[in-house]
Number of protein chains: 2
Amino acid sequence: MTATPFPVSEIVAARRPHRKDAARNYDALLDAAREAFTEHGADASLEDIARRAGVGIGTLYRNFPTRRDLFETVYADEVAALCGAALELADREPWEALTAWLGRFAGYMVTKRAVREALNGESDIFQTCRESMYAAGGPLLERAQRVGAARTDMDFGDLLRLVAGITATNFEDAAQRDRVLSIALDGVRTGR
Amino acid sequence: MTATPFPVSEIVAARRPHRKDAARNYDALLDAAREAFTEHGADASLEDIARRAGVGIGTLYRNFPTRRDLFETVYADEVAALCGAALELADREPWEALTAWLGRFAGYMVTKRAVREALNGESDIFQTCRESMYAAGGPLLERAQRVGAARTDMDFGDLLRLVAGITATNFEDAAQRDRVLSIALDGVRTGR
DNA sequence: ATTGAAGCGGAGGTGCGCCTCCGCTAGAGT
DNA sequence: ACTCTAGCGGAGGCGCACCTCCGCTTCAAT
């Protein structure tokens, strides 16, 4: 849906049908799937997704012949949006831009977890997504490192896992999540 | 199984049957269930668990009438073992004792995740487990805080979530996991 | 050794999600 | 307006996991 200059965005576009009604259904299925994954994780029922989207189960299967196709596309769509977000942060302060992007990244972790679980890491789409993610977010960390705001004995992959893990956890409330995330980022930050 | 002075250990003991063969089956089921949860997460099939344990499905249901009963008991058993581990660290250096225990804690997170997912947080056993965990691990953090090794603007709950989140993530290799965990703990540590 | 009851196991009924298939609908080109 | 084809929907077959039920086995108390 969200168009970005990153390769991952083509994955979603390539599948999208041309006819008007078909495209609408396609979008509705993607939205419904994202919602269902957030709610039920990898076990979300395909028939439930079709129901949410207001289409027949047959339509779901025509657009996404296998469960894997659907999961991959939802995932790619999320990653594409996240990549787009990184571009809009180019003019902010390095450290602030980095943490703002990580905040957005955190929001996408729920879906990502479900997808990873379902696909069991056995998909080459992860490679493409990883590349796009690194291309989008990597520069934010490098910028912060260059101005001495972030420690240099870590790479972007380390940072993503750190934030990913923490945001995937259930907290008592939003305040605790922010507190814990900020403690972890104190481990990343240098100078103050 | 593992006997500790913590209330949570009674949950497992209370269920354990008295007759010899029944007790053996009970233990085998618990082991098989822990293994299955580690491997397949919350979706582990009960029939598969019975098969692994070498007992009939009927035996599983007699011991654990509902899926919830089985999950709760496995979880309680893990927590009891973890509580026991904390007691054995009383004579170590404060910071070292804390990190050693957190390392052990990390090992139990896989099962814990599966159980939490299955029970959807809707069980009062979590309350009991939380209390036992805090009673066991809390003093380790307080000790480290008292000698100035750990920051004081956080509590034990924050620390558990921090470690729990990170260890629940998939890393490229063990080295990366340790690196990330150590970065996060740098955020906790004070004075060097 | 006897016996009763506690425990065992797995066949089979039930329900649910997966996926296919095909008669019907509606968009797009002329 | 007409047509023809891409697209639609959902009934229904299939398989798997859940759970019950009951005849058989094993323990342990006397």
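Labels below follow one simple rule: chain letters A, B, ... track the order of the sequence lines, proteins then strands, and each chain is numbered from 1. Remember, it's a predicted structure, so these values are computed and weren't measured experimentally.
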Self-check item: Non-neighbouring partners of A:Asp43 that pass salt bridge (Lys or Arg N to Asp or Glu O under 4.0 Å), sequence neighbours left out
Solution: none

Exercise. For A:Leu60 and C:dT20, give me the distance from atom CG to atom P, rounded to whole Å.
Key: 12 Å

Quiz prompt | Five-pair end axes of the helix from C:dA1-D:dT30 to C:dT30-D:dA1 and the angle they enclose, rounded to 10° | solution = 30°

Check: protein-nucleotides 10-19 of chain C nitrogen or oxygen pairs below 3.5 Å:
{"unit_1": "C:dG10", "atom_1": "N7", "unit_2": "B:Gly58", "atom_2": "N", "d": "3.4"}
{"unit_1": "C:dG10", "atom_1": "O6", "unit_2": "B:Gly58", "atom_2": "N", "d": "3.3"}
{"unit_1": "C:dC18", "atom_1": "OP1", "unit_2": "A:Arg67", "atom_2": "NH1", "d": "2.8"}
{"unit_1": "C:dC18", "atom_1": "OP2", "unit_2": "A:Leu46", "atom_2": "N", "d": "2.9"}
{"unit_1": "C:dC18", "atom_1": "N4", "unit_2": "A:Glu47", "atom_2": "OE2", "d": "3.4"}
{"unit_1": "C:dC19", "atom_1": "OP2", "unit_2": "A:Tyr61", "atom_2": "OH", "d": "3.1"}
{"unit_1": "C:dC19", "atom_1": "N4", "unit_2": "A:Glu47", "atom_2": "OE2", "d": "2.8"}

Quiz item: Can you tell me if the side-chain N/O atoms of A:Asn25 get under 4.0 Å from OP1 or OP2 in D:dG7?
Solution: no

Quiz item: In chain order, what residues pass the side-chain contact (heavy atoms from CB on, under 4.5 Å) check against B:Ala76, with sequence neighbours excluded?
Solution: B:Val8, B:Ile11, B:Val12, B:Ile125

Self-check item: For B:Arg92, salt bridge (Lys or Arg N to Asp or Glu O under 4.0 Å) partners two or more places apart
Solution: B:Glu96

Quiz item: Rounded to the nearest Å, what distance is computed from the CG atom of residue B:Asn63 to the P atom of nucleotide C:dA6?
Solution: 15 Å

Quiz item: Among all residues two or more places apart in sequence or in another chain, which pass the salt bridge (Lys or Arg N to Asp or Glu O under 4.0 Å) test with B:Asp69?
Solution: B:Arg15

Self-check item: Residue list, salt bridge (Lys or Arg N to Asp or Glu O under 4.0 Å) with A:Asp158, at least two apart or on another chain
Solution: B:Arg179

Quiz item: Of all residues at least two apart in sequence or in a different chain, which pass the ring-ring contact (aromatic ring centres under 6.0 Å, His included) check with B:Phe171?
Solution: none

Quiz item: ring pair (Phe, Tyr, Trp, His ring centres under 6.0 Å): which pairs involve residues 137-166 of chain B, sequence neighbours left out?
Solution: B:Trp101-B:Phe156, B:Tyr134-B:Phe156

Exercise. Please identify each residue that fulfils side-chain contact (heavy atoms from CB on, under 4.5 Å) with A:Glu47, with sequence neighbours left out.
Key: A:Ser45, A:Arg51, A:Ile57

Nucleotide N/O to protein N/O under 3.5 Å, stretch nucleotides 25-30 of chain D:
{"unit_1": "D:dA28", "atom_1": "OP1", "unit_2": "B:Lys20", "atom_2": "N", "d": "3.3"}

Practice problem: Identify, with sequence neighbours excluded, every residue that meets side-chain contact (heavy atoms from CB on, under 4.5 Å) alongside B:Asp124. | Solution: none

Exercise. Could you tell me whether B:Glu93 atom CD has more than 12 heavy atoms of other residues or ligands within 6.0 Å of it?
Key: no

